Amino acid sequence: LLENPKQNEALIKAFMRADALDDFDCDDYLAWTILNGKLNDRIVEFESRVDGARGKKFQKALAFLYRADGRLAEAKKAAEEAGNSLLALRVAMEAGDFAECLRLYKTKVDSGERKVESLGWIATFQRLAGNNKAFDQSIDKIIKLAEKDEDESWFAFEALLINEQAEKAIDFYLKHGSGRDSYDLL
């Protein structure tokens, strides 16, 4: 793609006009855009297209473009308008807005993910946001849930370690760890 930028620019524009945007791979497009020095041009172009029938798809691409340009607040807004909560969460994490991460992630918890793993993420965001009381409560919940369900023990151990609860993690591991956990830990 880099050998003939003018020809490739035409291919990219045709791609954007086509229904291929439904399968839009923002990472590859973003790399091409940055390598060709077209980031600001593409931002302006996508900003003009977000109101159309395929606006949400253009919003997602715009979120990636804003993110690459360091415009994280705009990237998060575009991700939310695109209906892409995972991208919005990632941008909030990158921005260090952990209270916002907590708000965005709590909406995911009921989606059927493992309870202890989800609580581990919630505890992490609480800790990083400085919400110590809620963090302590989440750590206690993690331990209690994992004590009831052996399949959750590894996720509890990870959550405790990641959240700087080494003593609790070791105590939990000694009581509930398995041979497989020992192998994974090594």
Side-chain angles (χ1 to χ4, degrees), residues 1 9 11-139 141-142 145 155 158-159 162-164:
L1 278 175
E9 179 79 12
L11 286 171
I12 292 293
K13 285 188 177 190
F15 175 75
M16 288 173 49
R17 283 190 302 271
D19 284 336
L21 191 59
D22 291 339
D23 299 316
F24 196 71
D25 187 345
C26 292
D27 292 338
D28 291 342
Y29 179 72
L30 183 59
W32 182 90
T33 299
I34 292 170
L35 289 170
N36 285 282
K38 303 282 186 182
L39 184 59
N40 288 327
D41 294 343
R42 294 295 84 85
I43 288 173
V44 169
E45 186 172 352
F46 276 85
E47 285 174 336
S48 70
R49 293 172 172 234
V50 296
D51 293 329
R54 296 183 300 170
K56 286 192 177 219
K57 295 183 189 320
F58 285 112
Q59 282 287 11
K60 177 183 175 189
L62 193 54
F64 277 91
L65 293 167
Y66 283 144
R67 186 179 184 192
D69 198 34
R71 296 159 58 178
L72 298 179
E74 291 166 281
K76 188 175 126 337
K77 182 179 181 209
E80 287 178 331
E81 289 176 4
N84 192 325
S85 61
L86 181 58
L87 180 56
L89 175 63
R90 289 178 176 165
V91 172
M93 288 170 78
E94 192 172 325
D97 187 351
F98 300 110
E100 181 64 7
C101 291
L102 183 59
R103 183 190 72 79
L104 289 166
Y105 191 78
K106 277 190 172 182
T107 62
K108 281 187 56 157
V109 172
D110 295 329
S111 67
E113 288 188 28
R114 290 182 166 273
K115 279 280 191 202
V116 170
E117 185 175 14
S118 296
L119 275 171
W121 279 101
I122 288 171
T124 300
F125 296 140
Q126 290 167 334
R127 177 177 58 84
L128 294 171
N131 191 342
N132 296 330
K133 184 177 179 184
F135 169 72
D136 291 338
Q137 291 170 345
S138 292
I139 291 297
K141 274 188 197 176
I142 287 169
L145 282 171
F155 296 105
E158 278 184 326
I162 289 169
N163 281 295
E164 302 176 353

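None of the values given here were measured: they were computed from a predicted structure.
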I need the minimum non-hydrogen distance between Ala63 and Ala79, along with the two atoms involved.
CB-N, 3.6 Å
Among pairs that include at least one residue of residues 87-99, which meet side-chain hydrogen bond (donor to acceptor under 3.5 Å, both in side chains), considering only residues two or more places apart or in two chains?
Arg67-Glu94
What closest approach, in Å, do Ile142 and Ala123 show between heavy atoms, and which atom pair accounts for it?
CD1-CB, 4.3 Å
Between Glu80 and Lys60 (salt bridge meaning N to carboxylate O under 4.0 Å), is one present in this structure?
no
Can you find a pair of side-chain heavy atoms, one from Phe125 and one from Met93, that are under 4.5 Å apart?
yes
Contact between Leu87 and Val91 at the side-chain level, heavy atoms closer than 4.5 Å - yes or no?
yes
Less than 4.5 Å apart, any side-chain heavy atom of Trp121 and any of Cys101?
no
So which atom in Leu62 and which in Ile43 form the shortest heavy-atom distance, rounded to 0.1 Å?
CD1-O, 3.8 Å
Asn163: what forms a side chain to side chain donor-acceptor pair (under 3.5 Å) with it, not counting sequence neighbours?
Thr124, Arg127
In Å, rounded to the nearest 0.5 Å, how long is the span from OG of Ser85 to CZ of Arg103?
10.0 Å
Heavy-atom pair of closest approach, residues Ala61 and Phe46
CB-CE2, 3.4 Å
Test applied, side chain to side chain donor-acceptor pair (under 3.5 Å); reference residue, Tyr66; option that passes from Lys76, Glu47, Lys77:
Glu47
Hey, does Asn131 have a side-chain heavy atom less than 4.5 Å from the side chain of Phe98?
no
Between atom CD of Gln126 and atom CD1 of Ile139, what is the distance when rounded to the nearest 0.5 Å?
8.5 Å
Are Leu104 and Leu102 side-chain neighbours, meaning at least one heavy-atom pair lies under 4.5 Å?
no
How many angstroms lie between atom CG of Leu145 and atom CZ of Phe155, to the nearest 0.5 angstrom?
13.0 Å
